[in-house]
Q: 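Take a look at this one; I'll ask things after.
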There are 4 protein chains.
Amino acid sequence: MKSIVSTRQRRKDARPQELLDAALSLFVEKGFAATKAEEVAALAGVSKGTLYLYYPSKEDLLRAVIRHNLSTEIAAGAQELARMGGPAGDRLQRVVADWWERILASPTSGVFKLVITELRNFPEIARFYAEEVVMPGTQLVESLIREGVASGEFADVNVQQAALSVLLPMVMLCLHKHSLGACGLGDPALEQPELFIRQHLALVVNGLRRGPARL
Amino acid sequence: MKSIVSTRQRRKDARPQELLDAALSLFVEKGFAATKAEEVAALAGVSKGTLYLYYPSKEDLLRAVIRHNLSTEIAAGAQELARMGGPAGDRLQRVVADWWERILASPTSGVFKLVITELRNFPEIARFYAEEVVMPGTQLVESLIREGVASGEFADVNVQQAALSVLLPMVMLCLHKHSLGACGLGDPALEQPELFIRQHLALVVNGLRRGPARL
Amino acid sequence: MKSIVSTRQRRKDARPQELLDAALSLFVEKGFAATKAEEVAALAGVSKGTLYLYYPSKEDLLRAVIRHNLSTEIAAGAQELARMGGPAGDRLQRVVADWWERILASPTSGVFKLVITELRNFPEIARFYAEEVVMPGTQLVESLIREGVASGEFADVNVQQAALSVLLPMVMLCLHKHSLGACGLGDPALEQPELFIRQHLALVVNGLRRGPARL
Amino acid sequence: MKSIVSTRQRRKDARPQELLDAALSLFVEKGFAATKAEEVAALAGVSKGTLYLYYPSKEDLLRAVIRHNLSTEIAAGAQELARMGGPAGDRLQRVVADWWERILASPTSGVFKLVITELRNFPEIARFYAEEVVMPGTQLVESLIREGVASGEFADVNVQQAALSVLLPMVMLCLHKHSLGACGLGDPALEQPELFIRQHLALVVNGLRRGPARL
DNA sequence: GATGAATGAGTCTTCATTCAT
DNA sequence: AATGAATGAAGACTCATTCAT
């Protein structure tokens with residue numbers, strides 16, 4: 001039983017994704033404003049006109065790139081975190097490491113650079129990012145920490161701030177990968193980012209265990 | 001004694017700084033490519049033509065903005081760190097907190113956003129940033145940690161990675177201030193960034209004291 | 001006897017006419033250059049590609065629209081005028097009124113707007129319009145007037161100019177219908193154009209009867 | 001006492017008018033949509049960019065062209081009509097002839113073609129034209145006719161329709177001048193349009209004198 | 001020095017036309 | 001025959017940069 005869809009149809013169906021991939025890559029590399037629509041089309045292997053068949057404007061393409069990549073990867077990661085048992089500290093380390101190693105390894109890591117850069121020019125993106133990415137992500141980590149605090153495993157810290165101690169370096173890793181890292185000028189300690197991720201999580205979890213040192 | 005400098009002269013001398021300030025503010029807000037040369041001039045209170053009297057091109061202006069702000073603030077902060085005594089952990093907390101609180105409060109905080117964004121389009125900037133900012137900055141923190149390790153105050157961690165655990169959130173704070181934070185959508189835990197800075201440093205230093213938890 | 005033409009065949013035969021109608025309507029409404037080929041196809045209920053099966057280019061479509069509509073209606077009207085008897089003045093009034101009322105009521109009225117607009121961009125159209133429409137039309141009226149002058153019914157006017165006094169308002173009526181009239185902003189005196197046509201012809205014929213007033 | 005305005009200033013002041021003239025000429029000749037912005041600039045002797053210094057878009061330029069030319073010429077003509085004495089018929093002939101001979105001789109004659117064509121794409125233009133041009137113009141002629149009817153000089157006709165019998169050919173003259181006339185294919189009777197204008201007005205006024213012939 | 005009018009290379013976007021299905 | 005995906009030439013508009021005043 002052969003598929004009846006024509007080559008044409010198959011290509012058409014793949015176009016949006018191909019364009020999104022090309023756009024992500026170039027927007028992350030050169031910035032949104034400095035990327036020409038034609039470059040995106042060329043990288044996706046189509047002509048300028050075809051790009052506009054799928055996205056009505058360069059700005060709409062940007063929105064689609066961000067929405068698509070954020071919903072896909074970020075949400076996916078968050079799903080798995082619900083499962084798993086064990087002490088909060090262990091779970092925190094395992095779960096966050098797995099989650100961000102996957103993000104860091106995927107092209108999605110670039111969206112953070114894009115978001116940081118373009119947020120202020122696109123208010124809808126700001127709201128979307130805050131509500132759909134930042135909030136769910138931090139709440140996930142916060143709930144793990146809160147659990148540890150409740151069970152006495154962790155000291156009585158400010159939970160929201162502690163979650164940021166966990167997460168901010170993860171985001172910075174993504175940014176670094178597409179800035180200094182991409183120029184071959186990255187910090188040598190980040191050449192194997194998984195190692196950094198693990199030590200960082202260990203450091204923070206260990207720090208949480210007995211309450212922060214007094215300043 | 002001819003200290004009677006004309007108003008014109010005084011304004012002229014101030015021009016480069018005024019232009020750099022205006023440019024920093026706009027480049028950080030809207031991005032380099034999306035900022036018009038004329039907007040920079042207008043914000044600095046001069047005409048388009050005058051801008052070109054001081055900087056031969058928009059790219060040169062960008063380079064000047066970055067160089068100027070990075071050398072000034074970052075280097076300045078680093079200087080003071082050399083002085084001071086006491087246990088490594090205490091010094092680390094005090095010194096890094098003071099240093100980054102000042103950066104975060106100043107317009108210089110924006111340069112990190114600019115650098116992250118434009119690095120890949122301006123190779124000289126990449127090199128300058130890596131050599132003049134990243135390296136000195138990390139080495140400073142690394143030497144404090146190394147000291148603590150040597151004295152037995154800290155566990156035997158990977159020093160470079162530990163320095164990044166200390167510093168990456170500081171940089172993220174700067175980026176956040178000029179992205180989500182500037183939209184009024186920032187994480188509430190960052191409304192008083194000094195509090196976060198202090199808890200974060202305490203957490204990490206505390207984590208260093210006992211050696212990282214096993215993963 | 002194979003009168004069993006398939007639906008497809010029937011539709012196919014009707015296509016050229018449907019396309020011409022759609023094109024006329026849109027060209028008159030929005031102008032030739034501002035009308036997209038795809039809009040014409042859509043209004044005719046076919047796809048873009050099909051349009052090009054029948055007309056090799058948008059310009060050819062325009063030519064066909066004009067030729068088709070002008071030859072059809074204008075020529076048809078002119079035919080009937082030859083027949084009929086009675087005084088020149090009466091025939092002039094009756095004949096011109098009938099003729100132009102029919103034109104004004106039909107979509108053909110729009111072609112005058114199209115012709116006025118596009119003449120200078122399409123020299124063949126100009127020649128066609130001058131020779132096939134303007135000349136036969138004016139000569140018809142001229143011959144009626146000339147007859148009246150010869151019989152002493154009319155004063156001795158410049159016949160060509162008098163024919164224009166008769167006809168120019170008729171053409172303007174067509175233009176008005178598709179400009180101000182179509183916006184609902186038309187002169188109220190033209191809400192029943194037949195009334196205007198009749199009074200106008202009466203006025204001119206009456207004016208011809210006594211010879212023009214001295215200026 | 002020399003003028004202090006610089007050459008630059010003088011050129012700048014003249015630009016809007018020069019651009020308006022160039023635009024009128026090309027829009028009338030080729031149509032709005034078929035005229036390139038750059039052509040207008042070139043005809044005005046400036047570069048593309050300069051055009052946009054004075055008019056924010058091609059559409060705005062069109063609006064300015066129409067408004068400027070209609071307010072200038074049409075209003076001017078209407079002014080003089082108020083003055084003058086004598087029988088209504090004589091005044092009608094003299095006044096309308098003078099008025100339209102001047103319009104026909106000026107580039108303003110082209111605006112009628114432009115208005116007819118673009119009205120439906122630009123609603124504001126439609127309203128402006130109806131209220132500022134059509135209404136004042138027809139009311140002027142209507143009041144002259146009404147005067148003649150009141151004094152018994154004219155028969156008791158429909159005044160609004162009669163005004164159109166007077167005016168529609170004048171407008172057609174303008175359109176003809178910029179369509180067939182401009183191709184050298186115009187009706188020979190219009191080679192001296194003033195002659196036509198005079199006979200037409202005489203014909204209509206004569207027709208008004210004793211009431212229209214019965215149809 | 002300072003200005004801002006002028007320029008034109010460069011971009012986004014549209015749309016007539018083609019052609020594989 | 002009919003479709004509509006794809007193309008790329010063309011056109012509106014922007015903006016970095018220049019230069020006469």
Side-chain angles (χ1 to χ4, degrees), chain A residues 4-13 15 33-41 45-61, chain B residues 6 8-9 11-12 15 33-42 45-61, chain C residues 6 8-9 11-12 15 33-42 45-61, chain D residues 4-13 15 33-41 45-61:
Chain A
I4 328 171
V5 286
S6 67
T7 301
R8 199 113 184 229
Q9 188 57 45
R10 251 178 292 122
R11 291 180 72 201
K12 193 198 168 189
D13 292 346
R15 283 285 142 77
T35 300
K36 297 170 218 169
E38 193 161 14
E39 290 175 319
V40 175
V46 298
S47 76
K48 212 180 347 164
T50 301
L51 169 59
Y52 285 90
L53 243 36
Y54 294 89
Y55 299 95
S57 77
K58 205 182 145 192
E59 290 202 358
D60 283 295
L61 177 60
Chain B
S6 73
R8 194 158 193 176
Q9 187 58 41
R11 288 189 64 206
K12 189 198 157 188
R15 281 287 150 72
T35 300
K36 296 171 217 170
E38 190 161 15
E39 292 175 317
V40 175
V46 299
S47 76
K48 221 180 337 173
T50 302
L51 170 59
Y52 283 87
L53 248 32
Y54 291 90
Y55 299 94
S57 78
K58 202 181 149 194
E59 290 202 358
D60 284 298
L61 177 59
Chain C
S6 72
R8 194 158 192 174
Q9 187 58 42
R11 289 189 63 206
K12 189 197 155 188
R15 280 287 150 72
T35 300
K36 296 171 218 171
E38 190 162 15
E39 291 176 317
V40 174
V46 298
S47 77
K48 222 179 337 173
T50 302
L51 169 59
Y52 283 87
L53 249 31
Y54 292 89
Y55 300 95
S57 77
K58 203 180 148 194
E59 290 202 357
D60 284 298
L61 177 59
Chain D
I4 329 172
V5 286
S6 65
T7 300
R8 200 116 184 225
Q9 188 58 42
R10 250 176 293 123
R11 291 181 71 201
K12 192 197 169 190
D13 293 345
R15 282 286 143 75
T35 300
K36 297 170 219 169
E38 193 161 13
E39 291 176 318
V40 174
V46 298
S47 75
K48 209 183 349 163
T50 301
L51 168 59
Y52 285 91
L53 243 35
Y54 293 89
Y55 299 95
S57 76
K58 206 182 145 192
E59 290 201 358
D60 283 295
L61 177 59

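Side chains are part of it too, since the values below use all heavy atoms of this structure and drop only hydrogens, waters and symmetry mates. Residue numbering restarts at 1 for every chain, and letters A, B, ... go by the order of the sequence lines.
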Q: Mind checking which stems touch DNA chain F? I mean at least 3 consecutive Watson-Crick or G-U pairs, both distances under 3.5 Å.
A: E:2-21 with F:2-21
Q: Which heavy-atom pair separates D/Ala33 from C/Ala34 by the least distance, and what is that distance?
A: CB-N, 4.2 Å
Q: Does C/Lys58 use its side chain to pair, donor to acceptor, with the backbone of C/Thr35 at less than 3.5 Å?
A: yes
Q: Have a look at A/Tyr55 and say if it touches a base, only the backbone sugar-phosphate, or nothing, with a 4.0 Å heavy-atom cut-off.
A: nothing
Q: So which nucleotide from F/dA2, E/dT7, F/dA5 ends up closest to the side chain of A/Lys12?
A: F/dA5
Q: So among D/Tyr54, D/Tyr52, D/Tyr55, which one has a side chain to side chain contact (heavy atoms under 4.5 Å, CB included) with D/Leu61?
A: D/Tyr55
Q: Nearest to the B/Val46 side chain among F/dA2, E/dT3, F/dC13, which nucleotide is it?
A: E/dT3
Q: Which value, rounded to the nearest 0.5 Å, describes the distance between D/Arg15 atom CZ and D/Lys12 atom NZ?
A: 10.5 Å
Q: Would you mind telling me which of F/dA6, F/dA2, E/dT17 lies closest to the side-chain atoms of C/Ala37?
A: E/dT17
Q: From C-beta outward on D/Tyr52, which listed nucleotide comes closest to its side chain: F/dA12, E/dA5, E/dC12?
A: F/dA12
Q: Let me know, please, whether C/Gly49 or B/Leu53 comes out on the 5' side of the other along DNA chain E by nearest nucleotide.
A: B/Leu53
Q: Go nucleotide by nucleotide along DNA chain F from the 5' end; which of B/Ala34 and B/Pro56 gets its closest nucleotide reached first?
A: B/Ala34
Q: Strictly below 4.0 Å: does A/Tyr54 bring a side-chain N or O up to OP1 or OP2 of F/dA5?
A: no
Q: Given E/dA16, E/dC12, F/dG4, identify the nucleotide with an atom nearest to the side chain of C/Lys36.
A: E/dA16
Q: What about A/Lys48: does its side chain form a donor-acceptor pair under 3.5 Å with the base of F/dG11?
A: no
Q: Closest approach of C/Leu51 and C/Ala41, non-hydrogen atoms and distance?
A: CB-CB, 4.3 Å
Q: Check whether any side-chain N or O of B/Arg15 sits under 4.0 Å from OP1 or OP2 of E/dA2, and answer yes or no.
A: yes
Q: Quick check on DNA chain F: between B/Glu59 and A/Leu51, whose nearest nucleotide comes earlier from the 5' end?
A: A/Leu51
Q: From C-beta outward on A/Lys58, which listed nucleotide comes closest to its side chain: F/dA6, E/dC12, E/dA2?
A: E/dC12
Q: Compare the minimum distances between each of E/dG8, E/dT3, F/dT3 and the side chain of B/Ser47, then state the nucleotide with the smallest one.
A: E/dT3
Q: Hey, is the main chain of D/Val40 close enough, under 3.5 Å, to the side chain of D/Lys48 for a donor-acceptor pair?
A: no
Q: Between atom CD in A/Glu38 and atom C1' in F/dG8, what is the gap in whole Å?
A: 9 Å
